[in-house]
Visitor: 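I am attaching a structure below and will ask some questions about it afterwards.
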Amino acid sequence: MTSAPRRPDTPAAGKVLRVAGPVVVATGLDRTRLYNVVRVGRRRLIGEVIRLSGEMAVIQVYESTGGLQVGSDVIDTGAPLDVELGPGLLGQVFDGVQRPLRTLAADDDHPFGQPFLRRGIDVPALSEREWDVRLTVSVGDEVEVGDVVATVQETPAIDHRIMVPPGRAGRVTEVCNGPVMTSDAVIWTDDHPVALTSRWPVRLRRGAKQRLDPVTPLVTGQRVVDMLYPVARGGSAAIPGGFGTGKTVHEQTLAKWSDADVIIYVGCGERGNELAEVLEEFPRLVDPRSGASLMDRTILIANTSNMPVAAREASIYTAITIAEYYRDQGYDVAVMADSTSRWGEALREVSSRLEEMPGEEGYPAYLPSRLAEFYERSGAVEALGTPDRHGSVTVIGAVSPPGGDFSEPVTQYSLRLAGTFWALDADLARRRHYPAIHWNRSYSLYELDRWFDEHVDRDWSRHRAWALELLGREDELQSIVRLLGADALAPVERVTFHTGRVLREDFLQQSAFDEIDAFCPLAKQFWMLAVIRHAHDLLVDRASAEDVDAAELTSSPVLAELGRMKLWSPESCEERARELIGRLTAEVGTA
Amino acid sequence: MRDRGLRVVELRTVTYVSGPLLFIDHAHGVHAEEVVEVVTPDGEIRRGQVLEVDGAKAVIEVYSGTKGLDLATTRIRLGGDSARLGVGGGLLGRMFDGSGQPTDGGPPPMPEEFWDVNGLPINPAARRYPSEFIETGISTIDGLNTLVRGQKLPIFSGFGLPAGELAADIATHARVVGAEQDEFVVVFAAMGTTAREASFFRRHLEEGGRLNRTVLFLNLADDPTIERLLTPRLALTAAEFLAFERGMHVLVILTDMTNYCEALREVATAREEVPGRRGFPGYMYTDLASIFERAGRLHGHSGSVTQLVILSMPDDDITHPIPDLSGYITEGQIVLSRDLHRRGLFPPVDVLPSLSRLMNAGIGAGKTREDHRPIADQLYSFYAQGRDLRRLIAVVGEGSLSPADRRLLAFADAFEQRFVDQDGRRPLTETLEIAWKLLADFGNDELKRIPPDMLERYRTDD
């Protein structure tokens, strides 16, 4: 954040000239730079310079501007908006400009320890505590930018790697001895300290040696995602959907079950109670891979809808910068942004206060370029420095189109940028088909079939293609049935119609609230689909070979077993699938 | 509201008056968003608020309108403070106008403190997740879209639909199982409602014996439009005081938010702002959030603020910006249907587009009953299918339906007649009992949403 000016020159002081909502115009800041952080008024509200024009600096203020006067002081801190990076980030809740919300809420003795957020609060993001440091360099070594010089066990699952920040390459002249405090140095290069924590401007992407192609899926345990429309590690996905279609539940489900190392969940202009839910639920949930609490790998950035609108704009950058920092340590990070529309609206609100010429639907003309800057900060990379580290940032952005209409600008621009598109459908949500991701309107541009074939089963991609085709065919049949009734279908089509329903209800529907079904491992997904396909093939054989009533055929009692596969335990799923395939062959396969 | 502090400055520099706005010059020392008094040429005092300060100029919105103001003699008194409400236990049982002046003939209640009506955002990390079931006595809500303490749930209504009656029923019947009922209070804020609706509501609470546990803020249809921007904020400030200082469970009823949004649009238009969808300002989402997010429960505080918000969908259009933006902020919605209303059902709740996002936290074993969630899912699934079939038979006729389809069709009718429609308060146990009876015609293998063990325990076929 912003507590101390970085450059030694005396801070320039200006005066407020105009106040309109979150926008303040000041004069007298002639030495400030674009995107410098300023402190406004008696309460020292945090603001950021977003336009310079003649003698005037236009400032967006991250807190409510009520009570400011013409002539109030504006102090330039001389530094851009940045975040504090270091051990202690995991498990924390920050607002859009990285103020530690839990510290503020929990600490009764603290002057700001209150349930309501007061203005002008200035608290360091990382609290001061002692860390055990394991050094990986010694005095006399030459280190480059990005080299790992020390590690700290941040949580049971995450070994936090301290890297040489820009400008600190050189010869190690001194190292710390024993545990250090959060604000201490761990080594000295050419007699300059390299601290445990570092700062990084949020609007500047962190560098890497090279970008890698995204070829590994982010496994989510959600059948409709992993089987039909997977997202790659280092890729990006957009989830547009009207209200009540389950964006937030989906984002939270992915935050819980994705196999990323670090999850950054951004509540951007959304509901306060949703954050409260995450805060109550995540510490109790266990990460299936590490055995530790899910909160230990999660960082929450919370700028709810009623918190200042400009800080909402910053929250996305704060999140992605922290994500890049863990990526550079060699971790796979997933950023869940709920919702990018609220962020777009924050841009629009500030833009309209600046009296800029509005573009589409009042959004500023730079909306697509800002969205692109955000989505393009996702990616798989080889990090700078030694040892070799591969990390990735996957961005999953929820979009809240007004009226559920996907033709609006934020949805359209997001689609252009994201590699995976999960279309949430209001009609499915009304039928309580969750996740309400529409199978025929979603897509994934990542070529991950090979990975699945190699790592799960060589039939994975063939089954996937079969399921997609069948769902498409069922959709066509639906329109016939709607007009003419199911009797109009030929027996084989009746079977396709039936299997389509089985795929939708017994495979794609997945309860986020059921203990077993909430997370479906890849092997179980594969076997469930294999059983459904087997049943379908048997039924088609029967329906095309003999003169049987398709309705009677599909009502065979053993087929009801397909509806219970969801509740199979992952350990025994293959065994049970093989057993069911046998019974299907015996009971459905022959007359 | 009460006056407070010394009047520091008085200006007589009005340069321009238009619609709800007033522009002043030589406005040195004006604070952004401060509340001012506008003294009319006749000596009448009106309240206003600073919207923007720009050099020596300031823009003020006048809550009770600018009629009768002039440039020469109108005076502006600056107090340097934001709008405040004198809060205290004396608020209970009282009635105020939309700007907080008592209208029941009594003196202003003794204030214990003066609170900024804009409130402060709740730190999300200080929130307790809402999880206590409120029994409203309405089957479609309790059974399928459960309300919990600290939730904000709107009723999406249309003009002429009985949203007010539904809200009044909930306000009189709502109770939390196992809680002291005298901790439960109602704060009612009317924005631009008719005198008839307001008096209906008051009478309803009086008959229910809850009037002395109620605070009313009434901005009626013929009251000043811009005052409506203040009314819900007064009500929520009173509610926050009663909840978080006094440990009460407060149900806030806001009606009708559509009128509020129109007042917001009026001010935005007068300021010549860039209009968003249907002329509503681009910041309407943020503005509505600053109202709706003032609901919840807090760690370390026993009280709660629950919001029941009525809004009329213009032309019954759920994609209109007002219901649309509200739906993105609130935790679900109860949608009223003109079709059900026409057929004489009360309450005419269309459950398919209705939703309570916090339902799962408030129901289940130990809270309501273990079969609550599965049975709700099953009713939804069958009713959605039955409604589809209704559309289908309109095209192909009933003759082509299979016996299974016929049962779904019959289910949809029975569901509306026996579950949705009700007369008087219905406890949850009775709601669930009706639900099981409605499912009696279906075989166990058809009840896919209900686990077998629960079928065994709860099925009451006889």
Side-chain angles (χ1 to χ4, degrees), chain A residues 17-21 64-71 93 101-102 104-106 114-118 243-244 267 269 271-273 275-277 279-280 302 304-307 309 342 345 348-349 352 358 361-362 400 402-405 430-432 482-487 505 513 551 557 560 563, chain B residues 28-34 52-56 82 118 120-130 150 244 273-274 276-277 282-283 285-286 289-290 293-294 296 298-301 319 321 324 327-329 331-333 352-353 355 358 360-361 377 380-381 384 392 395-396 400 402 445 448:
Chain A
L17 188 66
R18 176 173 174 229
V19 184
S64 162
T65 54
L68 285 179
Q69 282 172 290
V70 171
V93 191
L101 291 176
R102 216 141 43 160
L104 298 180
Q114 316 237 357
F116 296 95
L117 288 170
R118 275 145 217 277
F243 62 81
R271 304 174 181 91
N273 277 333
L275 269 308
E277 182 182 14
L279 282 176
E280 286 193 10
T304 55
S305 55
N306 57 335
M307 287 160 75
V309 67
R342 305 296 162 229
E345 281 163 15
R348 176 168 71 183
E349 187 167 339
S352 85
E361 297 206 11
S400 321
D405 173 11
R430 270 200 288 277
R431 288 153 198 280
R432 303 305 193 253
R482 229 172 283 135
L483 282 176
L484 304 169
D487 288 340
E505 290 183 1
F513 304 107
Chain B
H28 303 289
V30 176
H31 296 75
E33 291 173 32
E34 78 169 280
E52 188 174 329
V53 292
D54 185 359
S82 50
N118 295 305
L120 286 167
I122 297 177
N123 180 341
R127 283 181 183 271
R128 265 196 300 162
Y129 191 55
F244 303 131
E273 291 175 5
V274 181
R277 279 203 300 154
Y283 51 79
Y285 177 84
T286 305
S290 73
E293 277 290 327
R294 291 172 77 175
L298 302 175
H299 284 296
H301 294 259
T319 66
D324 190 53
Y328 276 121
I329 306 166
E331 282 135 354
Q333 66 278 339
L352 293 187
L355 173 74
L358 301 183
N360 283 326
D377 288 345
Y380 260 112
S381 169
L392 181 67
V395 183
V396 296
S400 67
S402 68
D445 55 330
K448 279 192 178 184

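Naming: A, B, ... by sequence-line order, numbering from 1 per chain.
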Visitor: Need one label for A:R348: side chain, backbone, both or neither, based on atoms under 4.5 Å from any heavy atom in chain B.
Guide: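 It is the side chain, since no backbone atom gets that close.
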Visitor: Return the set of residues passing side chain to side chain contact (heavy atoms under 4.5 Å, CB included) with B:T319 (not counting sequence neighbours), or none when no residue passes.
Guide: B:D317
Visitor: Go through the atoms of A:V19 and report whether side chain, backbone, both or neither lie under 4.5 Å from a heavy atom of chain B.
Guide: both
Visitor: Between A:R342, A:M307, A:E505, A:E280, which shows the greatest number of heavy-atom pairs under 4.5 Å with chain B?
Guide: A:R342
Visitor: Using non-hydrogen atoms only, which part of A:A20 is less than 4.5 Å away from chain B: side chain, backbone, both, or neither?
Guide: both
Visitor: Applying side-chain contact (heavy atoms from CB on, under 4.5 Å) to B:L120 and A:L117, what does each step give before you reach the verdict?
Guide: CA-CA 6 Å; B:L120 286 167; A:L117 288 170; 5.8 Å; no
Visitor: Return yes if a side-chain donor-acceptor contact under 3.5 Å exists between B:E293 and A:T304, otherwise no.
Guide: no
Visitor: Suppose we screen for salt bridge (charged side-chain N to carboxylate O under 4.0 Å, His left out). Which residues come up paired with B:E33, at least two apart in sequence or across chains?
Guide: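 B:E33: no salt bridge (charged side-chain N to carboxylate O under 4.0 Å, His left out) contacts found.
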Visitor: B:D324 and A:G404: which non-hydrogen atoms are nearest, and at how many Å?
Guide: OD1-N, 4.5 Å
Visitor: Rounded to the nearest 0.5 Å, what's the gap from CD on B:E273 to CD on A:E349? Could you check?
Guide: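 Spacing of CD (B:E273) from CD (A:E349) equals 9.5 Å.
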Visitor: Closest heavy-atom contact between B:R128 and A:A276?
Guide: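 Here B:R128 and A:A276 meet closest at C-CB, 4.4 Å.
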Visitor: Tell me, for A:P358 versus chain B, whether the close heavy atoms (under 4.5 Å) come from the side chain, the backbone, both or neither.
Guide: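 A:P358 touches chain B through side-chain heavy atoms alone.
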Visitor: Heavy-atom pairs under 4.5 Å with chain B: which of A:T65, A:L279, A:V309, A:N273 has the most?
Guide: A:N273
Visitor: Between A:E345 and chain B, which part of the residue has a heavy atom less than 4.5 Å away: side chain, backbone, both or neither?
Guide: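 Contact with chain B involves the side chain of A:E345 alone.
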